[in-house]
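The chains referred to below are lettered A, B, ... by the order of the sequence lines, with proteins before strands, and numbering in each begins at 1.
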Protein chains: 2
Amino acid sequence: MAQKDTVDRILDAAEALFAERGFAETSLRTITSTANVNLAAVNYHFGSKKALIQAVFVRFLEPLADSLTLRLDEAEASAKELSLDDLLVLLSKAILSAHGDDVTRTASFMRLLGLAYTQSQGHLRDYLSERYGRVSTRYVDLLRPACPALTDTDLFWNTHFALGAAVFSLSNYGALEAMLSDDSGEESKIQNVIRRLLAFISAGVKVSL
Amino acid sequence: MAQKDTVDRILDAAEALFAERGFAETSLRTITSTANVNLAAVNYHFGSKKALIQAVFVRFLEPLADSLTLRLDEAEASAKELSLDDLLVLLSKAILSAHGDDVTRTASFMRLLGLAYTQSQGHLRDYLSERYGRVSTRYVDLLRPACPALTDTDLFWNTHFALGAAVFSLSNYGALEAMLSDDSGEESKIQNVIRRLLAFISAGVKVSL
DNA sequence: TACATTTGCAAACGTATGTTTCAAACATCT
DNA sequence: AGATGTTTGAAACATACGTTTGCAAATGTA
(Lines give C-alpha, C1' and ligand atoms only; values in the text may rest on other atoms or scores of the structure.)
Protein backbone atom coordinates (compact mmCIF):
# COMPACT_ATOMS: atom_id res chain seq x y z
CA MET A 1 0.00 0.00 0.00
CA ALA A 2 1.84 3.06 -1.30
CA GLN A 3 -0.17 5.54 0.74
CA LYS A 4 -2.25 5.41 3.85
CA ASP A 5 -5.59 3.78 3.84
CA THR A 6 -8.53 5.77 2.53
CA VAL A 7 -10.25 5.67 5.91
CA ASP A 8 -7.22 7.13 7.68
CA ARG A 9 -6.67 9.79 5.07
CA ILE A 10 -10.27 10.88 5.50
CA LEU A 11 -9.94 10.93 9.28
CA ASP A 12 -6.71 12.93 9.11
CA ALA A 13 -8.18 15.52 6.80
CA ALA A 14 -11.44 15.70 8.72
CA GLU A 15 -9.72 16.10 12.08
CA ALA A 16 -7.56 18.96 10.85
CA LEU A 17 -10.33 20.72 8.94
CA PHE A 18 -12.94 20.37 11.66
CA ALA A 19 -10.52 21.77 14.20
CA GLU A 20 -9.73 24.68 11.94
CA ARG A 21 -13.21 25.64 10.77
CA GLY A 22 -15.88 23.79 12.73
CA PHE A 23 -18.20 21.01 11.71
CA ALA A 24 -20.91 22.74 9.74
CA GLU A 25 -18.37 24.94 8.02
CA THR A 26 -16.41 21.99 6.67
CA SER A 27 -17.99 20.27 3.69
CA LEU A 28 -17.46 16.67 2.68
CA ARG A 29 -16.11 17.93 -0.63
CA THR A 30 -13.40 19.90 1.13
CA ILE A 31 -12.51 16.90 3.25
CA THR A 32 -12.38 14.43 0.41
CA SER A 33 -10.41 16.66 -1.90
CA THR A 34 -7.92 17.43 0.88
CA ALA A 35 -7.60 13.71 1.50
CA ASN A 36 -7.30 12.95 -2.22
CA VAL A 37 -10.23 10.63 -2.00
CA ASN A 38 -13.48 10.33 -3.84
CA LEU A 39 -16.48 12.18 -2.44
CA ALA A 40 -18.54 9.04 -2.04
CA ALA A 41 -15.87 7.42 0.11
CA VAL A 42 -17.08 9.18 3.23
CA ASN A 43 -20.59 7.87 2.97
CA TYR A 44 -19.30 4.48 1.93
CA HIS A 45 -16.90 4.05 4.85
CA PHE A 46 -18.67 5.98 7.58
CA GLY A 47 -22.29 6.13 6.49
CA SER A 48 -22.83 9.82 7.07
CA LYS A 49 -21.16 13.05 8.03
CA LYS A 50 -22.39 12.71 11.60
CA ALA A 51 -20.80 9.29 11.83
CA LEU A 52 -17.56 10.70 10.46
CA ILE A 53 -17.53 13.34 13.19
CA GLN A 54 -18.03 10.67 15.82
CA ALA A 55 -15.26 8.57 14.28
CA VAL A 56 -12.84 11.48 14.49
CA PHE A 57 -13.55 11.78 18.20
CA VAL A 58 -13.35 8.07 18.85
CA ARG A 59 -10.00 7.79 17.12
CA PHE A 60 -8.60 10.34 19.51
CA LEU A 61 -10.49 9.45 22.67
CA GLU A 62 -9.94 5.71 22.56
CA PRO A 63 -6.17 5.86 23.20
CA LEU A 64 -6.72 8.65 25.70
CA ALA A 65 -9.26 6.64 27.66
CA ASP A 66 -6.93 3.64 27.62
CA SER A 67 -3.96 5.71 28.74
CA LEU A 68 -5.98 7.33 31.50
CA THR A 69 -7.37 4.04 32.74
CA LEU A 70 -3.89 2.56 32.85
CA ARG A 71 -2.45 5.46 34.79
CA LEU A 72 -5.33 5.45 37.22
CA ASP A 73 -4.80 1.73 37.79
CA GLU A 74 -1.13 2.33 38.53
CA ALA A 75 -1.80 5.28 40.78
CA GLU A 76 -4.45 3.51 42.80
CA ALA A 77 -2.32 0.37 43.08
CA SER A 78 0.43 2.39 44.73
CA ALA A 79 -2.03 2.84 47.61
CA LYS A 80 -0.65 6.30 48.18
CA GLU A 81 -3.16 9.09 48.67
CA LEU A 82 -3.61 10.98 45.41
CA SER A 83 -3.39 14.72 45.84
CA LEU A 84 -5.18 17.18 43.60
CA ASP A 85 -1.94 18.03 41.88
CA ASP A 86 -1.13 14.35 41.42
CA LEU A 87 -4.45 13.95 39.67
CA LEU A 88 -4.03 17.02 37.51
CA VAL A 89 -0.58 15.99 36.40
CA LEU A 90 -1.79 12.48 35.76
CA LEU A 91 -4.58 13.72 33.51
CA SER A 92 -2.42 16.13 31.57
CA LYS A 93 0.19 13.44 31.00
CA ALA A 94 -2.47 11.06 29.79
CA ILE A 95 -3.75 13.62 27.33
CA LEU A 96 -0.33 14.64 26.07
CA SER A 97 1.04 11.14 25.74
CA ALA A 98 -2.05 9.59 24.22
CA HIS A 99 -0.72 10.29 20.74
CA GLY A 100 3.04 10.13 20.99
CA ASP A 101 3.51 13.65 22.28
CA ASP A 102 2.22 15.10 19.03
CA VAL A 103 1.42 18.43 20.63
CA THR A 104 -0.08 19.88 17.48
CA ARG A 105 -2.63 17.13 17.31
CA THR A 106 -3.42 17.50 20.97
CA ALA A 107 -4.00 21.20 20.50
CA SER A 108 -6.25 20.73 17.52
CA PHE A 109 -8.16 18.08 19.38
CA MET A 110 -8.74 20.48 22.24
CA ARG A 111 -10.28 22.75 19.68
CA LEU A 112 -12.57 19.96 18.62
CA LEU A 113 -13.53 19.39 22.23
CA GLY A 114 -14.42 23.03 22.57
CA LEU A 115 -16.49 22.87 19.41
CA ALA A 116 -18.27 19.78 20.64
CA TYR A 117 -19.37 21.68 23.71
CA THR A 118 -20.38 24.96 22.15
CA GLN A 119 -21.69 23.79 18.83
CA SER A 120 -24.73 21.98 20.12
CA GLN A 121 -24.13 18.69 18.23
CA GLY A 122 -26.39 16.86 20.66
CA HIS A 123 -25.70 13.52 19.04
CA LEU A 124 -22.00 13.87 19.76
CA ARG A 125 -22.47 14.78 23.40
CA ASP A 126 -24.76 11.85 24.01
CA TYR A 127 -22.54 9.47 22.14
CA LEU A 128 -19.37 10.51 23.95
CA SER A 129 -20.83 10.62 27.43
CA GLU A 130 -22.32 7.18 26.87
CA ARG A 131 -19.01 5.84 25.62
CA TYR A 132 -16.58 7.49 28.01
CA GLY A 133 -18.78 8.19 31.00
CA ARG A 134 -17.19 5.44 33.08
CA VAL A 135 -13.58 6.75 32.91
CA SER A 136 -14.60 10.32 33.51
CA THR A 137 -16.72 9.59 36.58
CA ARG A 138 -13.94 7.40 37.91
CA TYR A 139 -11.60 10.37 37.66
CA VAL A 140 -14.02 12.74 39.32
CA ASP A 141 -14.58 10.27 42.13
CA LEU A 142 -10.86 10.40 42.88
CA LEU A 143 -11.04 14.17 42.95
CA ARG A 144 -13.40 14.23 45.88
CA PRO A 145 -11.08 12.78 48.58
CA ALA A 146 -8.25 14.90 47.18
CA CYS A 147 -10.22 18.04 48.08
CA PRO A 148 -11.72 17.17 51.47
CA ALA A 149 -12.47 20.78 52.32
CA LEU A 150 -14.90 21.13 49.44
CA THR A 151 -18.57 20.28 49.33
CA ASP A 152 -19.88 18.37 46.33
CA THR A 153 -21.34 21.57 44.96
CA ASP A 154 -18.02 23.36 45.37
CA LEU A 155 -16.27 20.61 43.50
CA PHE A 156 -18.87 20.44 40.77
CA TRP A 157 -18.61 24.08 39.85
CA ASN A 158 -14.86 24.34 40.31
CA THR A 159 -14.17 21.41 38.02
CA HIS A 160 -16.36 22.93 35.36
CA PHE A 161 -14.63 26.27 35.70
CA ALA A 162 -11.36 24.40 35.30
CA LEU A 163 -12.63 22.51 32.30
CA GLY A 164 -13.66 25.77 30.74
CA ALA A 165 -10.28 27.35 31.31
CA ALA A 166 -8.56 24.34 29.75
CA VAL A 167 -10.82 23.85 26.76
CA PHE A 168 -11.06 27.51 25.92
CA SER A 169 -7.41 28.42 26.22
CA LEU A 170 -6.01 25.31 24.59
CA SER A 171 -8.54 25.30 21.80
CA ASN A 172 -7.68 28.88 21.01
CA TYR A 173 -4.00 28.32 21.63
CA GLY A 174 -2.96 29.24 18.13
CA ALA A 175 -4.79 32.55 18.14
CA LEU A 176 -3.63 33.40 21.65
CA GLU A 177 -0.02 32.64 20.96
CA ALA A 178 -0.18 34.98 17.98
CA MET A 179 -1.34 37.81 20.25
CA LEU A 180 1.79 37.70 22.36
CA SER A 181 4.63 39.93 21.36
CA ASP A 182 7.09 37.77 19.48
CA ASP A 183 9.90 38.32 21.95
CA SER A 184 8.03 36.21 24.47
CA GLY A 185 9.59 33.31 22.64
CA GLU A 186 10.12 30.37 24.91
CA GLU A 187 7.50 31.56 27.36
CA SER A 188 4.60 30.78 25.07
CA LYS A 189 5.65 27.25 24.17
CA ILE A 190 2.69 25.02 24.75
CA GLN A 191 4.33 22.93 27.46
CA ASN A 192 4.84 26.10 29.46
CA VAL A 193 1.28 27.19 28.84
CA ILE A 194 0.08 23.84 30.12
CA ARG A 195 2.17 24.30 33.25
CA ARG A 196 0.58 27.70 33.71
CA LEU A 197 -2.84 26.23 33.15
CA LEU A 198 -2.28 23.51 35.72
CA ALA A 199 -1.15 26.04 38.30
CA PHE A 200 -4.18 28.21 37.58
CA ILE A 201 -6.55 25.28 37.89
CA SER A 202 -4.87 23.92 40.98
CA ALA A 203 -5.33 27.21 42.78
CA GLY A 204 -8.89 27.71 41.59
CA VAL A 205 -10.24 24.26 42.33
CA LYS A 206 -9.27 24.53 45.98
CA VAL A 207 -11.48 27.57 46.51
CA SER A 208 -14.72 27.13 48.39
CA LEU A 209 -17.50 29.66 48.56
CA MET B 1 -47.46 49.95 16.70
CA ALA B 2 -49.19 46.82 17.92
CA GLN B 3 -46.04 44.73 18.11
CA LYS B 4 -42.35 45.34 18.30
CA ASP B 5 -40.47 46.64 15.35
CA THR B 6 -39.46 44.15 12.69
CA VAL B 7 -35.79 44.86 13.25
CA ASP B 8 -36.05 44.12 16.97
CA ARG B 9 -38.08 40.97 16.43
CA ILE B 10 -35.41 39.70 14.07
CA LEU B 11 -32.66 40.54 16.54
CA ASP B 12 -34.51 38.85 19.39
CA ALA B 13 -35.08 35.68 17.43
CA ALA B 14 -31.56 35.65 16.04
CA GLU B 15 -29.97 36.18 19.43
CA ALA B 16 -31.89 33.32 21.00
CA LEU B 17 -31.46 30.94 18.08
CA PHE B 18 -27.78 31.67 17.54
CA ALA B 19 -27.12 31.11 21.23
CA GLU B 20 -28.99 27.85 21.11
CA ARG B 21 -27.63 26.33 17.91
CA GLY B 22 -24.71 28.33 16.56
CA PHE B 23 -24.43 30.60 13.56
CA ALA B 24 -24.06 28.23 10.65
CA GLU B 25 -26.69 25.92 12.11
CA THR B 26 -29.30 28.66 12.24
CA SER B 27 -30.86 29.53 8.90
CA LEU B 28 -32.44 32.81 7.98
CA ARG B 29 -35.65 30.93 7.35
CA THR B 30 -35.71 29.67 10.93
CA ILE B 31 -34.99 33.13 12.25
CA THR B 32 -37.59 34.90 10.17
CA SER B 33 -40.33 32.36 10.83
CA THR B 34 -39.59 32.48 14.57
CA ALA B 35 -39.79 36.25 14.42
CA ASN B 36 -42.97 36.15 12.32
CA VAL B 37 -41.30 38.17 9.66
CA ASN B 38 -40.76 37.75 5.97
CA LEU B 39 -37.62 36.01 4.81
CA ALA B 40 -36.44 38.95 2.77
CA ALA B 41 -36.60 41.26 5.78
CA VAL B 42 -33.19 40.20 7.04
CA ASN B 43 -31.42 41.11 3.85
CA TYR B 44 -33.51 44.24 3.56
CA HIS B 45 -32.78 45.58 7.03
CA PHE B 46 -29.30 44.20 7.65
CA GLY B 47 -27.90 43.47 4.20
CA SER B 48 -26.62 39.98 4.87
CA LYS B 49 -26.48 37.23 7.44
CA LYS B 50 -22.98 38.27 8.49
CA ALA B 51 -24.22 41.77 9.16
CA LEU B 52 -27.10 40.37 11.20
CA ILE B 53 -24.67 38.44 13.37
CA GLN B 54 -22.65 41.59 13.95
CA ALA B 55 -25.82 43.53 14.78
CA VAL B 56 -26.77 40.96 17.41
CA PHE B 57 -23.42 41.46 19.08
CA VAL B 58 -23.49 45.21 18.85
CA ARG B 59 -26.94 45.40 20.40
CA PHE B 60 -25.62 43.61 23.44
CA LEU B 61 -22.12 45.01 23.61
CA GLU B 62 -22.99 48.66 23.17
CA PRO B 63 -24.79 49.04 26.53
CA LEU B 64 -22.18 46.84 28.15
CA ALA B 65 -19.33 48.98 26.89
CA ASP B 66 -21.12 52.11 28.04
CA SER B 67 -21.83 50.68 31.46
CA LEU B 68 -18.26 49.49 31.82
CA THR B 69 -16.80 52.82 30.75
CA LEU B 70 -19.01 54.63 33.22
CA ARG B 71 -18.04 52.39 36.11
CA LEU B 72 -14.37 52.65 35.25
CA ASP B 73 -14.67 56.43 35.18
CA GLU B 74 -16.25 56.42 38.63
CA ALA B 75 -13.73 53.98 40.05
CA GLU B 76 -10.73 55.85 38.74
CA ALA B 77 -12.15 59.17 39.88
CA SER B 78 -12.27 57.88 43.46
CA ALA B 79 -8.48 57.81 43.23
CA LYS B 80 -8.46 54.73 45.42
CA GLU B 81 -6.23 51.85 44.31
CA LEU B 82 -8.33 49.26 42.52
CA SER B 83 -7.69 45.74 43.73
CA LEU B 84 -8.12 42.68 41.57
CA ASP B 85 -11.35 41.83 43.34
CA ASP B 86 -12.60 45.38 42.90
CA LEU B 87 -12.03 45.03 39.19
CA LEU B 88 -13.66 41.61 38.95
CA VAL B 89 -16.74 42.76 40.81
CA LEU B 90 -16.88 45.88 38.71
CA LEU B 91 -16.83 43.89 35.50
CA SER B 92 -19.39 41.36 36.60
CA LYS B 93 -21.72 44.12 37.73
CA ALA B 94 -21.32 45.86 34.40
CA ILE B 95 -22.18 42.68 32.53
CA LEU B 96 -25.14 41.78 34.70
CA SER B 97 -26.64 45.24 34.81
CA ALA B 98 -26.10 46.07 31.16
CA HIS B 99 -29.54 44.71 30.32
CA GLY B 100 -31.68 45.27 33.34
CA ASP B 101 -30.52 42.22 35.25
CA ASP B 102 -32.09 39.93 32.67
CA VAL B 103 -29.96 36.98 33.70
CA THR B 104 -31.30 34.70 31.01
CA ARG B 105 -30.20 37.07 28.30
CA THR B 106 -26.81 37.48 29.91
CA ALA B 107 -26.37 33.71 29.96
CA SER B 108 -27.37 33.29 26.35
CA PHE B 109 -25.07 36.10 25.39
CA MET B 110 -22.19 34.37 27.12
CA ARG B 111 -22.93 31.44 24.88
CA LEU B 112 -22.71 33.72 21.88
CA LEU B 113 -19.40 35.02 23.11
CA GLY B 114 -18.09 31.49 23.32
CA LEU B 115 -19.33 30.78 19.83
CA ALA B 116 -17.70 33.93 18.52
CA TYR B 117 -14.37 32.65 19.74
CA THR B 118 -14.57 29.09 18.52
CA GLN B 119 -16.79 29.35 15.52
CA SER B 120 -16.04 32.55 13.69
CA GLN B 121 -13.72 32.66 10.73
CA GLY B 122 -12.51 36.03 11.86
CA HIS B 123 -14.86 38.63 10.46
CA LEU B 124 -16.67 38.89 13.77
CA ARG B 125 -13.50 38.83 15.82
CA ASP B 126 -11.93 41.59 13.78
CA TYR B 127 -15.08 43.66 13.86
CA LEU B 128 -15.52 43.39 17.62
CA SER B 129 -11.90 43.94 18.55
CA GLU B 130 -11.85 47.00 16.32
CA ARG B 131 -15.03 48.33 17.87
CA TYR B 132 -14.47 47.49 21.53
CA GLY B 133 -10.70 47.25 21.71
CA ARG B 134 -10.39 50.52 23.57
CA VAL B 135 -12.58 49.58 26.56
CA SER B 136 -11.08 46.14 26.87
CA THR B 137 -7.47 47.29 26.84
CA ARG B 138 -8.38 49.99 29.33
CA TYR B 139 -9.68 47.30 31.64
CA VAL B 140 -6.63 45.08 31.17
CA ASP B 141 -4.35 48.05 31.85
CA LEU B 142 -6.00 48.47 35.24
CA LEU B 143 -5.44 44.80 35.92
CA ARG B 144 -1.69 45.13 35.73
CA PRO B 145 -1.09 47.36 38.80
CA ALA B 146 -3.68 45.29 40.68
CA CYS B 147 -1.44 42.25 40.28
CA PRO B 148 2.04 43.68 40.82
CA ALA B 149 3.59 40.26 41.43
CA LEU B 150 2.77 39.05 37.94
CA THR B 151 4.76 39.46 34.76
CA ASP B 152 2.94 40.51 31.61
CA THR B 153 3.05 36.94 30.36
CA ASP B 154 1.60 35.66 33.62
CA LEU B 155 -1.22 38.12 33.38
CA PHE B 156 -1.86 37.40 29.72
CA TRP B 157 -2.37 33.69 30.20
CA ASN B 158 -4.18 33.95 33.51
CA THR B 159 -6.73 36.37 32.13
CA HIS B 160 -7.40 34.06 29.22
CA PHE B 161 -7.78 31.09 31.52
CA ALA B 162 -10.24 33.17 33.50
CA LEU B 163 -12.07 34.20 30.37
CA GLY B 164 -12.34 30.56 29.38
CA ALA B 165 -13.73 29.56 32.76
CA ALA B 166 -16.30 32.32 32.58
CA VAL B 167 -17.39 31.86 28.99
CA PHE B 168 -17.53 28.11 29.18
CA SER B 169 -19.38 27.75 32.43
CA LEU B 170 -21.84 30.57 31.91
CA SER B 171 -22.55 29.65 28.32
CA ASN B 172 -23.29 26.10 29.36
CA TYR B 173 -25.03 27.21 32.51
CA GLY B 174 -28.34 25.68 31.58
CA ALA B 175 -26.89 22.26 30.87
CA LEU B 176 -24.69 22.35 33.96
CA GLU B 177 -27.48 23.34 36.30
CA ALA B 178 -29.49 20.41 35.00
CA MET B 179 -26.70 18.03 35.99
CA LEU B 180 -26.87 18.97 39.65
CA SER B 181 -29.12 16.91 41.85
CA ASP B 182 -32.32 18.87 42.27
CA ASP B 183 -31.97 19.21 46.02
CA SER B 184 -29.06 21.58 45.49
CA GLY B 185 -31.77 24.16 45.11
CA GLU B 186 -30.58 27.57 46.12
CA GLU B 187 -26.94 26.66 45.66
CA SER B 188 -27.16 26.58 41.88
CA LYS B 189 -28.88 29.92 41.41
CA ILE B 190 -26.90 31.85 38.88
CA GLN B 191 -25.95 34.67 41.23
CA ASN B 192 -24.33 32.11 43.48
CA VAL B 193 -22.57 30.49 40.55
CA ILE B 194 -21.21 33.88 39.56
CA ARG B 195 -19.91 34.37 43.10
CA ARG B 196 -18.21 30.99 42.85
CA LEU B 197 -16.79 31.90 39.48
CA LEU B 198 -15.38 35.18 40.78
CA ALA B 199 -13.73 33.39 43.70
CA PHE B 200 -12.26 30.79 41.34
CA ILE B 201 -10.93 33.43 38.99
CA SER B 202 -9.62 35.62 41.76
CA ALA B 203 -7.55 32.76 43.13
CA GLY B 204 -6.32 31.63 39.72
CA VAL B 205 -5.34 34.98 38.32
CA LYS B 206 -2.97 35.63 41.21
CA VAL B 207 -0.89 32.56 40.40
CA SER B 208 2.49 33.03 38.79
CA LEU B 209 4.56 30.32 37.20
C1' DT C 1 -55.15 64.74 -2.48
C1' DA C 2 -50.90 63.57 -4.93
C1' DC C 3 -46.42 61.99 -4.87
C1' DA C 4 -42.10 59.80 -3.03
C1' DT C 5 -40.09 56.83 0.01
C1' DT C 6 -39.99 53.05 2.97
C1' DT C 7 -41.44 48.51 4.33
C1' DG C 8 -43.65 43.95 3.55
C1' DC C 9 -44.35 39.90 0.92
C1' DA C 10 -44.37 35.78 -2.35
C1' DA C 11 -41.76 33.76 -5.56
C1' DA C 12 -37.78 32.70 -7.82
C1' DC C 13 -32.61 32.27 -8.57
C1' DG C 14 -28.16 30.36 -8.22
C1' DT C 15 -25.29 27.71 -5.56
C1' DA C 16 -23.52 24.43 -2.21
C1' DT C 17 -24.50 20.74 0.50
C1' DG C 18 -25.14 15.58 2.01
C1' DT C 19 -26.40 11.58 -0.12
C1' DT C 20 -27.28 7.94 -3.67
C1' DT C 21 -26.49 5.41 -7.83
C1' DC C 22 -24.22 2.20 -10.69
C1' DA C 23 -20.54 0.67 -13.38
C1' DA C 24 -15.60 -0.01 -13.34
C1' DA C 25 -11.42 -1.40 -10.86
C1' DC C 26 -9.41 -4.11 -7.39
C1' DA C 27 -8.51 -7.69 -4.19
C1' DT C 28 -9.17 -12.29 -2.36
C1' DC C 29 -10.03 -17.03 -2.48
C1' DT C 30 -11.00 -21.74 -4.66
C1' DA D 1 -8.40 -18.30 -14.39
C1' DG D 2 -12.73 -17.33 -12.76
C1' DA D 3 -16.07 -16.09 -9.35
C1' DT D 4 -17.10 -13.23 -5.48
C1' DG D 5 -17.05 -9.58 -2.46
C1' DT D 6 -15.00 -5.02 -1.56
C1' DT D 7 -13.58 -0.42 -2.77
C1' DT D 8 -13.33 3.45 -5.93
C1' DG D 9 -15.01 6.88 -9.43
C1' DA D 10 -17.91 10.17 -12.04
C1' DA D 11 -22.21 11.72 -12.23
C1' DA D 12 -26.64 12.76 -10.75
C1' DC D 13 -30.22 13.74 -7.14
C1' DA D 14 -32.81 16.07 -3.80
C1' DT D 15 -32.73 19.55 -0.67
C1' DA D 16 -31.56 23.62 1.96
C1' DC D 17 -29.38 27.70 1.95
C1' DG D 18 -28.45 33.06 1.29
C1' DT D 19 -29.78 36.30 -1.72
C1' DT D 20 -32.41 38.94 -5.32
C1' DT D 21 -36.43 40.48 -7.69
C1' DG D 22 -40.79 42.72 -8.72
C1' DC D 23 -44.69 44.43 -6.99
C1' DA D 24 -48.20 45.60 -3.42
C1' DA D 25 -49.15 47.94 0.82
C1' DA D 26 -48.13 51.27 4.06
C1' DT D 27 -46.19 55.51 5.55
C1' DG D 28 -44.52 59.97 5.38
C1' DT D 29 -44.48 64.71 3.03
C1' DA D 30 -46.06 68.76 0.22
Side-chain angles (χ1 to χ4, degrees), chain A residues 1-59 112 115-116 119-124 126-127, chain B residues 1-59 112 115-116 119-124 126-127:
Chain A
M1 189 183 316
Q3 51 186 357
K4 278 171 97 175
D5 200 34
T6 302
V7 171
D8 284 321
R9 295 224 306 288
I10 293 175
L11 286 172
D12 288 341
E15 181 175 301
L17 289 168
F18 284 152
E20 189 182 313
R21 315 145 71 130
F23 302 119
E25 296 84 351
T26 306
S27 71
L28 292 187
R29 283 171 175 80
T30 309
I31 294 172
T32 52
S33 73
T34 301
N36 280 319
V37 150
N38 187 270
L39 168 61
V42 167
N43 284 281
Y44 175 75
H45 287 286
F46 298 94
S48 70
K49 188 182 181 181
K50 274 187 185 177
L52 169 62
I53 295 175
Q54 292 180 349
V56 167
F57 274 84
V58 167
R59 184 173 69 146
L112 288 183
L115 289 180
Q119 209 148 327
S120 67
Q121 297 286 347
H123 69 98
L124 230 191
D126 298 345
Y127 180 75
Chain B
M1 188 184 316
Q3 51 186 357
K4 277 171 95 177
D5 202 33
T6 300
V7 170
D8 284 321
R9 295 223 308 286
I10 293 174
L11 286 172
D12 288 341
E15 181 177 299
L17 289 168
F18 284 153
E20 189 183 313
R21 316 145 73 130
F23 303 121
E25 295 83 352
T26 305
S27 71
L28 292 187
R29 285 170 173 82
T30 309
I31 293 172
T32 52
S33 73
T34 301
N36 279 318
V37 151
N38 187 270
L39 169 61
V42 168
N43 284 281
Y44 175 75
H45 286 286
F46 297 94
S48 69
K49 188 182 181 181
K50 272 187 185 176
L52 170 61
I53 295 174
Q54 293 181 348
V56 166
F57 275 83
V58 167
R59 185 174 65 147
L112 287 183
L115 290 179
Q119 190 170 122
S120 83
Q121 293 98 325
H123 78 281
L124 190 57
D126 296 344
Y127 179 75

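Close to dA16(C), at under 4.0 Å from its OP1 or OP2, lies no side-chain N or O of S27(A).
For the side-chain contact (heavy atoms from CB on, under 4.5 Å) test, residues two or more places apart in sequence or in another chain that qualify with A14(B) are F18(B), I31(B), L52(B), V56(B). By the side chain to side chain donor-acceptor pair (under 3.5 Å) test, T34(B) is found to be paired with no residue, residues two or more places apart in sequence or in another chain being considered. For Y127(B), there are no ring pair (Phe, Tyr, Trp, His ring centres under 6.0 Å) partners, not counting sequence neighbours. Considering only residues two or more places apart in sequence or on other chains, S33(B) meets the side chain to side chain donor-acceptor pair (under 3.5 Å) condition with none of them.
Between L28(B) atom CG and dA16(C) atom P there is a gap of 17 Å when expressed in whole angstrom units. K49(A) places its NZ atom 9 Å from the P atom of dT17(C), with the value rounded to the nearest Å. Between H45(A) atom NE2 and dT20(C) atom P the separation is 15 Å, expressed in whole Å. With rounding to whole Å, F46(A) atom CZ is found 16 Å from dT20(C) atom P. Summarising the geometry, the separation between CZ on R29(B) and C1' on dA12(C) is reported as 11 Å, rounded to the nearest angstrom. Here dT19(C) presents its P atom at 11 Å from CD1 of I31(A), a figure rounded to the nearest Å. What separates CZ of F23(A) from P of dG18(C) is a distance of 13 Å, to the nearest Å. Rounded to whole Å, atom P of dT20(C) lies 12 Å from atom CG of L39(A).
Between the T30(B) side chain and the T26(B) main chain, no donor and acceptor come within less than 3.5 Å of each other.
Listed by first then second residue, pairs satisfying ring pair (Phe, Tyr, Trp, His ring centres under 6.0 Å) with a partner in residues 29-52 of chain A number zero, not counting sequence neighbours.
Backbone-only engagement by T26(B) is indicated by non-hydrogen atom pairs under 4.0 Å involving sugar-phosphate atoms exclusively. Within 4.0 Å (heavy atoms only), A41(B) reaches no atom of the nucleic acid at all.
A 4.0 Å heavy-atom criterion places the boundary nucleotides of DNA chain D facing chain A at dT6(D) to dA12(D), written 5' to 3'.
If T6(A) and A24(B) are placed on DNA chain D by their nearest nucleotide, the residue sitting closer to the 5' end is T6(A).
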Checklist entry - Passes side chain to side chain contact (heavy atoms under 4.5 Å, CB included), N38(A) versus T6(A)? Steps please. => result CA-CA 9 Å; N38(A) 187 270; T6(A) 302; over 6 Å; no
